[in-house]
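Whatever order the structure lists them in is the order used to number ligands and atoms, beginning at 1.
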Amino acid sequence: MSREATDPVVAIDGPAGSGKSTVARALARSLGWTYLDTGAIYRTLGWLAHQEGVSVDDEEALVKLCGRLQDLSFKWGEDGVLLVFLGDRDVTEAIRGEEAGRWASDVSRHPGVRAALLDLQRSFARRGHLVTEGRDTGTVVFPRARWKFFLTASLEERARRRLREMGMEETPRNLAVVMEAMRERDLQDSTRPVAPLRRAEDALEVDTTDLSPDEVLAHIKQIVEGE
Ligand code: DC
C-alpha cells in the first residue's frame with residue numbers, strides 16, 4: 001500500500017458483484033469504523049430522478065436534485081443489512097437491483113453530478129476511520145486512503161451472486177439477462193470520461209471468483225490490521 005497515503009480510510013473499488021459491499025460492510029462492522037456505500041448515493045439519486053420524472057440525460061436538473069441527498073442517512077438493520085433513508089423514507093428496497101443500478105450508472109456519468117456529490121462523500125471521513133466502496137473511491141474521492149483494494153471476479157460469478165442477492169432462481173435465462181445488464185453497466189462505468197471505474201495504481205487487486213466472503217474478509221482484514 002502507498003506509504004505516502006495518510007487518511008485512515010479503506011477504499012474498496014470494483015465492478016458490480018465483485019463482493020465489495022459484503023466485505024466492506026463486514027469489515028466496517030468488525031472494526032467498528034464508519035461505513036460509506038457510495039453506490040447507494042448514486043442509486044438514490046437515480047431513483048429520485050425516476051420518481052420526479054427527471055431525465056437521466058438532464059445534467060442541470062440532476063445537479064439540482066443532488067441537494068436533496070443531504071438528507072441521506074444509513075443505519076444498520078438486522079443481520080448487518082444496511083438501511084438507506086432519504087429523510088425519514090426508507091429507500092433500501094427501492095434502490096436495490098439491476099434496474100436501479102442502471103439508473104445510478106446513468107446519472108453518475110455526468111461530471112456536474114459527481115462534483116456535486118464529492119463533499120457529501122468526503123464528509124463521512126470527518127467522523128474518523130472509514131470503510132468505503134464504489135468505483136472511484138481510491139482514485140478520486142479518497143486518493144490519500146491508506147488502504148486501497150480493487151476487487152474483481154468473473155462476469156458469470158458476479159451475475160450468480162446478484163441473482164442470489166435478489167432471491168432469483170439461477171436459470172440459464174435469468175443468468176444471461178443479469179450477465180448482459182452487468183456487462184453493459186461495467187462498460188458504461190469504465191469508459192466514461194470522468195472518474196471511470198479503474199484500479200488505482202496503488203490499490204491491491206483481489207480476484208474473488210473462487211473465494212468465499214469470509215476468505216475475502218480475512219485477507220483484507222489481515223492487511224488492514226497488519227499496518
Ligand atoms: O456499487 P453499485 O452497484 O451500488 O453502484 C451503482 C452505480 O453507481 C454504478 O454502476 C456506477 C455508480 N457509481 C459510481 O459511479 N461511482 C461510485 N463511487 C459508486 C457507484
Side-chain angles (χ1 to χ4, degrees), residues 9-25 28 35-50 56 59 62-63 65-66 69 72 74 81-84 86 91-125 130-143 145 148-153 155 157-166 178-200 203 208:
V9 171
V10 182
I12 306 179
D13 291 309
S18 54
K20 304 181 302 283
S21 296
T22 308
V23 71
R25 286 171 199 192
Y35 165 68
L36 168 63
D37 176 355
T38 62
I41 297 179
Y42 291 104
R43 282 173 180 265
T44 305
L45 179 66
W47 171 79
L48 196 56
H50 190 74
V56 293
E59 180 165 5
L62 290 171
V63 168
L65 271 191
C66 288
L69 296 190
L72 190 77
F74 300 108
V81 173
L82 184 80
L83 302 175
V84 185
L86 190 58
V91 299
T92 313
E93 280 303 313
I95 65 168
R96 276 178 85 211
E98 263 315 301
E99 192 184 23
R102 181 65 204 207
W103 296 337
S105 179
D106 289 343
V107 299
S108 72
R109 286 171 302 155
H110 300 291
V113 166
R114 303 200 75 85
L117 295 175
L118 259 188
D119 264 0
L120 174 64
Q121 295 172 78
R122 288 181 178 154
S123 69
F124 281 78
L130 177 74
V131 180
T132 185
E133 49 136 329
R135 302 294 183 290
D136 63 339
T137 66
T139 52
V140 175
V141 188
F142 299 106
K148 296 183 187 179
F149 298 92
F150 192 80
L151 267 49
T152 61
L155 178 60
E157 174 59 22
R158 294 190 285 115
R160 284 213 172 88
R161 291 174 187 169
R162 184 52 44 93
L163 283 178
R164 276 200 297 273
E165 189 184 299
M166 301 305 296
V178 173
M179 275 172 73
E180 182 53 19
M182 283 183 146
R183 200 190 55 74
E184 276 180 19
R185 187 147 70 92
D186 290 344
L187 184 70
Q188 172 158 282
D189 293 345
S190 49
T191 55
R192 66 180 175 222
V194 181
L197 165 67
R198 68 171 177 84
R199 184 176 75 82
T208 70

Worksheet entry | Distance, nearest 0.5 Å, that separates CZ of Arg160 from CE of Met179 | 8.5 Å

Worksheet item: Considering residues at least two apart in sequence or located in another chain, which fulfil the side-chain hydrogen bond (donor to acceptor under 3.5 Å, both in side chains) criterion with Ser105?
Response: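 By the side-chain hydrogen bond (donor to acceptor under 3.5 Å, both in side chains) rule, Ser105 matches Gln188, Asp189.
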
Item to complete: Under the side-chain hydrogen bond (donor to acceptor under 3.5 Å, both in side chains) rule, collect the residues that match up with Arg114, sequence neighbours excluded.
Response: Tyr42, Asp136

Discussion item. Quick check on side chain to side chain contact (heavy atoms under 4.5 Å, CB included): which of His110, Arg102, Arg109 does Val56 satisfy it with?
Written reply: Arg109

Worksheet item: With distance as the sole test, does Arg199 use its side chain to make a donor-acceptor pair with the main-chain N or O of Phe150 at under 3.5 Å?
Response: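 Not at all, since once roles are kept as given, no pair shorter than 3.5 Å links the two residues.
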
Discussion item. Using a 4.0 Å cut-off on heavy atoms, what residues surround ligand 1? Order them by chain and number.
Written reply: Lys20, Thr38, Gly39, Tyr42, Arg43, Ala104, Ser105, Ser108, Arg114, Gly134, Arg135, Asp136, Arg185, Asp189, Arg192

Discussion item. I'd like to check the ring-ring contact (aromatic ring centres under 6.0 Å, His included) partners of Trp103; sequence neighbours left out, ordered by chain and number.
Written reply: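 Once residues adjacent in sequence are excluded, the partners of Trp103 under the ring-ring contact (aromatic ring centres under 6.0 Å, His included) criterion are His50.
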
